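To keep things clear, I will list the structure first and then write my remarks on it.
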Number of protein chains: 2
Amino acid sequence: MPAISTTTPAAAPRVPDGGSASRQHTLRERNLRLVAAAVFEATAPPSRADVAAASGLTRATVSTLVDRLVAGGLVAELPPVAAQRAGRPAVPLVPAGRSVVGLGLEVNVDYLGVRALDLVGDVVAERVETGSLHDSDPREVLARLRALAAEAIAEVEAAGMRVAGARLALPGLVDARGARLEVAPNLGWSSLEPVPELDLRAGDGRALDVEVANEAKLAALAELAGDVPPSFLYVSGDVGVGAGIVVDRQLFLGERGWNGEIGHVVVDPSGPRCSCGASGCLEQYAGKEVLLRGSGLPTSAPVDAVVDLLRAGDVAALDTVRRGGRALGAALATFVNLVDVSTIVLGGAYVELYGWVGHVVAGVVEERALAAPFAPVDVRPAAAGKHAALTGGAREVLRSVVADPARWV
Amino acid sequence: MPAISTTTPAAAPRVPDGGSASRQHTLRERNLRLVAAAVFEATAPPSRADVAAASGLTRATVSTLVDRLVAGGLVAELPPVAAQRAGRPAVPLVPAGRSVVGLGLEVNVDYLGVRALDLVGDVVAERVETGSLHDSDPREVLARLRALAAEAIAEVEAAGMRVAGARLALPGLVDARGARLEVAPNLGWSSLEPVPELDLRAGDGRALDVEVANEAKLAALAELAGDVPPSFLYVSGDVGVGAGIVVDRQLFLGERGWNGEIGHVVVDPSGPRCSCGASGCLEQYAGKEVLLRGSGLPTSAPVDAVVDLLRAGDVAALDTVRRGGRALGAALATFVNLVDVSTIVLGGAYVELYGWVGHVVAGVVEERALAAPFAPVDVRPAAAGKHAALTGGAREVLRSVVADPARWV
DNA sequence: GCGCAATAGTTCAGCCGTACAACAAAACGC
DNA sequence: GCGTTTTGTTGTACGGCTGAACTATTGCGC
């Protein structure tokens, strides 16, 4: 709709979030979304009548919409269960399992992998390869990832499921469109468009919808599967320290998708020099390599090794981790003052170290967060398990399916 | 819609941003918004046909919608101007002036006031009273503000205009609902609900829609009147240092509306003590009182006095301001790394000091912002004039009118 | 000066999706 | 076993958008 007006000089109005023109079928799309959300976010399987009551639509309308979702394989009907009550028994509605799946992909410093989730949240396929990818060749690594993904796709399609799309997690700066990786220092990658390189395809040859995102941000989304408030800050502690900001169950990406770079918050301008050029960056206190080295371990050692030392009461390890915790707390307090969140989820390496850093971080944040007197900040370890970004990526694909069911029915 | 389901244990689905049930009149509302946005955000007055082309609606539909907006006093028709072209001349559509007005209110440390803006952006009424409100009595001050507002309302209603609502700017922590002031240290106010206290009413006695917001955040919105990118960070330098985050022309408030508290970002942990309890907060380097004291002036002096000293080459003033600029740059670099914006607008006292701090801030930010190599950060002075929060508040009211025209036609 | 082409805006039948009300289905309770 | 209750479905009414035909008003060529 270029709207090349020749009458008045230039009349190309920007269309804000209201989106585009609403027609009759827009009603359908919106109400389908509403009904899908009602089924997917309910705490107990609702009936058509429940959905009608909750959404404000009539039972008649809800019925036709639910029928469409059932036909499209997004929603399933459980066998009607007779309630302890007069009246025709209700048909409970639940997300349909083994029908539509989302793919989570990840390339990180020490592994690459694929995970397929269905709408119930079950893992229906998974492939993981470990090994150092430090300073690796993107073409070669993405080819290996494509092979893994193709295996997973073949597996789920053989079982009669449809693949809705994929999200690729990378440890670096990715633009908000999900197309371009600007730089991933720890992989040694830069200026790259991984999507055409991957060229993922379904069994019938059609190109899959693939988007790239930052690893910490997708890992943050994995937390939404558990018992977490709608808004929180997720901090992923690895070689780098990244963060994902979730507001009202949605990622806040900032102008270009580059927010959450907490690793280079300056904790102390007179501190140690950082690879980024500045001094006293958080990464120099709470990055994985610093924690390992400070504990007298090689940087290739696993975090478990630090935990062993901490358990044994090793003074160097205890000092290093405590110092890292204080620095992390200071940086997080700044974060809380600037973006305002009341829950901080510590992920990545910090999960295993939580017993030692948790209270340190919480103490410093409580002390420095301006709003703490009115609303204390909750600091907790991440609940999603290993390779959280795989789960988060797959969930994000499925979220987009539920958010626009009209495209899948 | 409580949805007290008695069938299944609990089925109260959360309804996400999709909102509530969409009916026929929802289409009307959405398309009215679309058409209103097309008229209000066009660079040149569009015709009905232009709006149709830009929105994707048919000319028939646009016609009925525009007629409704004209009848409601939101849009006006200019006399048809014969273009240099065959065909019936178009009727240019413009925002209707002197019809609907928004009210901006503010109570700050050194003044209180009201400003009324119409949809064109013209100031149609204004009342300002200066004087120190440090440690003032909220009841008394709000009563004075109510009197000023009543005068302004009477004035615009006498001229046949309707008041759509008001926004009250306060220098403190305000919740996201816009109801409760948690604390405003420099006023000495705390735990307050100013809206019922103000109890603003239109001439016919109906209660006006009033919301409270942080002063820096409303001032940020005032910038949208000028030539500013859709996403930016606005920093208001006063006694305290606050910020407003604007993403895609909308305020980002954070979980509870308490974000942007940049004044208490720790610039140097070994720096001077701050009233908040921590050490080395930005406010202790770049707050107005510190800049005045550092220049050898009383804290009651105006910022102009510092400018005079700077012009005269006063060494103490130059040092103090330069030090403040460096601290501000460091804090802003952190901000940029955490929330990702590419434009920083310096407002409040920093406008007058811009000639001395601008390049210092820009230099430090450029040096420390992680994304700077890919996309340089633009630092600029605020364009909105004095009492920007008044303009921003009034504009915010009018934005809500244009965003939901169905309520006003 | 007049007819033709071009553009703006309006009118009206048709379609689509929702509401409303009546109805069919399937349980409970006395 | 029959009324009551609740679920889910069927059919009609209504509102809002589309598309095509129509009117209004200009410029241009002859």
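In what follows, chains carry the letters A, B, and so on, assigned in the order in which the sequence lines appear, proteins first and then strands, with residues in each chain numbered from 1. All of these numbers come straight from a predicted model, not from anything done at the bench.
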With a sphere of 6.0 Å drawn around CG of A/Asp204, does it hold more than 12 non-hydrogen atoms of other residues, nucleotides or ligands? yes
On the nucleotide D/dT9, are OP1 or OP2 found under 4.0 Å from the side-chain N or O atoms that A/Ser63 carries? yes
What nitrogen or oxygen pairs link the protein and nucleotides 14-17 of chain D at under 3.5 Å?
residue	atom	partner	partner atom	Å
D/dG15	N2	A/Gln24	NE2	3.1
D/dG15	N2	B/Gln24	NE2	2.8
D/dG15	N3	B/Gln24	NE2	2.8
D/dG16	O4'	B/Gln24	NE2	3.4
D/dC17	OP1	B/Asn31	ND2	3.1
D/dC17	OP2	B/Arg28	NE	3.0
D/dC17	OP2	B/Arg28	NH2	2.8

Nearest 0.5 Å, what's the CG-CG distance between A/Leu78 and A/Leu93? 8.0 Å
Please list, chain by chain and in numerical order, all residues satisfying side-chain hydrogen bond (donor to acceptor under 3.5 Å, both in side chains) with B/Gln24, sequence neighbours excluded. none
With sequence neighbours left out, what residues match A/Asp118 under side-chain hydrogen bond (donor to acceptor under 3.5 Å, both in side chains)? none
Hits for side chain to side chain contact (heavy atoms under 4.5 Å, CB included) against B/Asp67, two or more places apart or cross-chain, chain-then-number order -> B/Arg48
B/Glu29 meets the salt bridge (Lys or Arg N to Asp or Glu O under 4.0 Å) criterion, sequence neighbours left out, with none
Under 3.5 Å, sequence neighbours excluded: what are the donor-acceptor pairs made by side chains of residues 399-409 of chain A?
residue	atom	partner	partner atom	Å
A/Arg399	NE	A/Glu396	OE1	3.2
A/Arg399	NH2	A/Glu396	OE2	3.1
A/Ser400	OG	A/Val397	O	2.6

For B/Arg68, which residues count as a salt bridge (Lys or Arg N to Asp or Glu O under 4.0 Å) partner, sequence neighbours excluded? none
A/Ser47 vs D/dG8: side-chain N/O to OP1/OP2 distance below 4.0 Å: yes
With sequence neighbours left out, what residues match B/Arg88 under side-chain hydrogen bond (donor to acceptor under 3.5 Å, both in side chains)? none
Mind checking ring pair (Phe, Tyr, Trp, His ring centres under 6.0 Å) for A/Phe232 and listing every partner two or more places apart, or none if nothing turns up? none
In B/S/- notation, 5' to 3', how is nucleotides 23-30 of chain C contacted by protein heavy atoms closer than 4.0 Å? --BBBS--
Contact class for B/Ala49 vs. all strands (heavy atom < 4.0 Å): base, sugar-phosphate, or nothing? sugar-phosphate
Under 4.0 Å, heavy atoms only, any strand: does A/Ala21 hit a base, just the sugar-phosphate, or nothing? nothing
Can you sort out the partners of A/Arg206 under side-chain hydrogen bond (donor to acceptor under 3.5 Å, both in side chains), two or more places apart, ordered by chain and number? none
Using rotation axes that map the C1' atoms of four end pairs onto the next four (five pairs an end), what angle separates the end axes of the helix from C/dG1-D/dC30 to C/dC30-D/dG1, to 10°? 10°
Regarding B/Val91, tell me which of base, sugar-phosphate or nothing describes its non-hydrogen contacts under 4.0 Å with the strands shown. sugar-phosphate
